[in-house]
Amino acid sequence: MSDNRIYIFDTTLRDGEQVPGCKLNTRQKVEIARELERLGVDVIEAGFPVSSPGDFRSVQEICKTVSKPSVCGLTRAVQKDIDVAADALKHAKRPRIHTGIGTSKIHITHKLRSTQEKILERAVAAVKYAKQYVEDIEFYAEDAGRTDNEYLARVLEAVIKAGATVLNIPDTTGYCLPNEYGEKIKYLKENVKGIEKAILSTHCHNDLGLATANSIAGIQNGAQQIECTINGIGERAGNTSLEEVVMIMRQHTLLDFETNINTKMLNYMSQLVSEKMGVPVQPNKAIVGANAFAHSSGIHQDGVIKKRETYEIIDPADVGVDQSAIVLTARSGRAALAYRAKAVGYDLTKDQLDIIYVDFLKLADRKKEVDEVDLEILLSSKLVAIRA
Ligand code: KIV
Ligand code: ZN
């Protein structure tokens, strides 16, 4: 695999499903997993098997369904969790156990009521225990974003020795700034002995709206895997959005990274997950929102009609959207009206356009949007009047 290849670890079915009211049944999870495989993700985090019999079953069924991506099951650093995850993953072609523990002072003192040394021992013990079941062990240092770098490096060094193949550095609370998160990854790359044997992974939450920026800062500083979800769904303000990081890597000339994602499926995947989970996508959501390729102001519409790239940095077809939308509102200009009129069969002369535009603006001031039916009525009645 080339150095610039970034692995996409999709956790829609685990961290994403932690959104209140988003619970999926096994059939729905299997359907999404099948589509994630077609999308080209490298890892599917299928669930947290010990958490419920339903989640156990879902992980099991996903293992039987997909063959290309690794299938991953989450555990705490607890033997019972690991036993159950290993059992759920036993039919997977490429099983991965994802185990870990909190490493920040606040987690160690208040949640785990322990000490740094004891947590380090538990981390190592969990990885060794999981290693008896599968080769591929991902270790997460929960709240790594707020963990002291020196201690974090010690923990990671120890878990690599114990057999961890992937090291997840979660910014669990979404607190890090991009440069801070990037520097953390750089520090680990430079200070953890044996780091070349493992893959560093980003796992960023969006509490301050920085999940995508932090993940990109992570890969710019040496991480090779991004953990993310479709539509950015997940705990609280969500996780890094898959479609955003993938399109940033694809579009940005300043970056030189590759993924295996079939970007033409992104819009479809967004709608599928939104519909199955019952969570609408905000209209202004980057890449997949309903307005991501819609233009409503006259200045923009004029530009896009003349050359799409004047106001679009992504070709909508590349993410599976039919075409850019020219939306008719009271902010639209003559160019947009003529363009939409032509699309419904009216090639207006300049004089006709000038006359109809006056009535169009009156109508648009009354309505939020002039749709195709409104437009047809306006054009047919007005043209009859002009001709008469
Ligand atoms: O945000 C987080 O720290 C997590 C871990 C369980 C990986 O989701
Ligand atoms: Zn998380």
Side-chain angles (χ1 to χ4, degrees), residues 7-20 22 41-52 55 59 70-78 81-82 84-85 88 96-108 110-112 119 122-123 126-127 130 136-148 151-152 155-156 159 164-176 181 184-185 188 198-212 214-215 218 223 225-242 244-245 277:
Y7 299 102
I8 297 296
F9 175 117
D10 181 276
T11 183
T12 305
L13 300 176
R14 199 279 295 170
D15 220 330
E17 206 227 15
Q18 289 174 209
V19 175
C22 279
V41 305
D42 300 287
V43 186
I44 295 176
E45 186 162 50
F48 182 12
V50 83
S51 66
S52 75
D55 220 33
V59 175
S70 299
V71 180
C72 176
L74 184 77
T75 81
R76 293 165 296 181
V78 169
D81 286 25
I82 297 170
V84 174
R96 177 181 292 182
I97 292 179
H98 190 189
T99 191
I101 196 158
T103 51
S104 63
K105 282 213 174 82
I106 188 165
H107 276 229
I108 293 177
H110 298 284
K111 190 179 87 164
L112 301 162
I119 292 305
R122 277 185 65 184
V127 171
D136 193 7
I137 308 293
E138 175 163 340
F139 174 79
Y140 65 86
E142 196 183 6
D143 205 15
R146 294 188 297 172
T147 300
D148 159 61
Y151 175 64
L152 186 57
V155 174
L156 298 183
V159 297
T165 46
V166 182
L167 306 171
N168 180 7
I169 314 301
D171 182 21
T172 305
T173 57
Y175 185 67
C176 285
Y181 188 76
K184 188 175 281 286
I185 299 290
L188 297 172
I199 287 175
L200 270 172
S201 179
T202 68
H203 179 112
C204 299
H205 279 269
N206 206 30
D207 299 66
L208 290 171
L210 290 171
T212 294
N214 284 346
S215 304
Q225 174 178 281
I226 296 181
E227 309 199 0
C228 47
T229 61
I230 302 287
N231 296 334
I233 57 165
E235 280 275 351
R236 308 181 309 279
N239 287 63
T240 301
S241 146
L242 182 149
E244 291 174 14
V245 286
M277 290 197 166

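Nothing here was measured: the structure is a model prediction, and the numbers come from that model. Just so you know, these numbers use all the heavy atoms, side chains as well, and skip hydrogens, waters and symmetry mates. Counting starts at 1 for both ligands and their atoms, in listed order.
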Practice problem: Check whether any side-chain N or O of D171 sits under 3.5 Å from a backbone N or O of Y175 as a donor-acceptor pair, and report yes or no. | Solution: yes
Quiz item: Is Y140 in polar range of ligand 1, meaning some N or O pair under 3.5 Å apart?
Solution: no
Quiz item: Is the closest side-chain donor-acceptor distance between D136 and T165 under 3.5 Å?
Solution: yes
Quiz item: So, does R14 sit close enough to ligand 1 that a heavy atom of it is under 4.0 Å from the ligand?
Solution: yes
Quiz item: So does K105 have more than 12 non-hydrogen atoms from other groups sitting under 6.0 Å from NZ?
Solution: no
Quiz item: Which of the atoms of ligand 1 are close to H205, meaning less than 4.0 Å from one of its heavy atoms?
Solution: 1 (O)
Practice problem: Using a strict cut-off of 4.0 Å, indicate which atoms of ligand 1 neighbour a heavy atom of D15. | Solution: 8 (O)
Practice problem: With heavy atoms of P170 as the reference, note each atom of ligand 1 found under 4.0 Å away. | Solution: 2 (C), 3 (O)
Self-check item: Proximal ligand 1 atoms for T172, defined as those under 4.0 Å from one of its heavy atoms
Solution: 1 (O), 2 (C), 3 (O)
Self-check item: N168-ligand 1 polar pair, N/O distance under 3.5 Å
Solution: no
Quiz item: Short list, please: which atoms of ligand 1 are under 4.0 Å from a heavy atom of E142?
Solution: 3 (O)
Quiz item: Which residue holds the protein heavy atom closest to atom 4 (C) of ligand 1, what is that atom called, and what is the gap in Å?
Solution: H203 NE2, 3.5 Å
Quiz prompt | Any donor-acceptor pair under 3.5 Å from T12 side chain to I230 backbone | solution = yes
Quiz item: How many protein N, O or S atoms sit closer than 2.8 Å to the Zn ion (ligand 2)?
Solution: 3
Quiz item: Between the side chain of H203 and the main-chain N/O of I169, is any donor-acceptor distance below 3.5 Å?
Solution: no
Quiz item: Mind checking what makes ring pair (Phe, Tyr, Trp, His ring centres under 6.0 Å) contact with F48, not counting sequence neighbours?
Solution: none
Practice problem: Please determine, by modelled atom types, if E227 and S201 share a side-chain donor-acceptor pair under 3.5 angstrom. | Solution: yes
Practice problem: Output yes when a side-chain donor or acceptor of N239 lies under 3.5 Å from a complementary backbone atom of T11, and no otherwise. | Solution: no
Quiz item: So among V155, L152, V159, which one has a side-chain contact (heavy atoms from CB on, under 4.5 Å) with L167?
Solution: V159
Quiz item: Any side-chain heavy atom of L112 sitting closer than 4.5 Å to one from I101?
Solution: yes
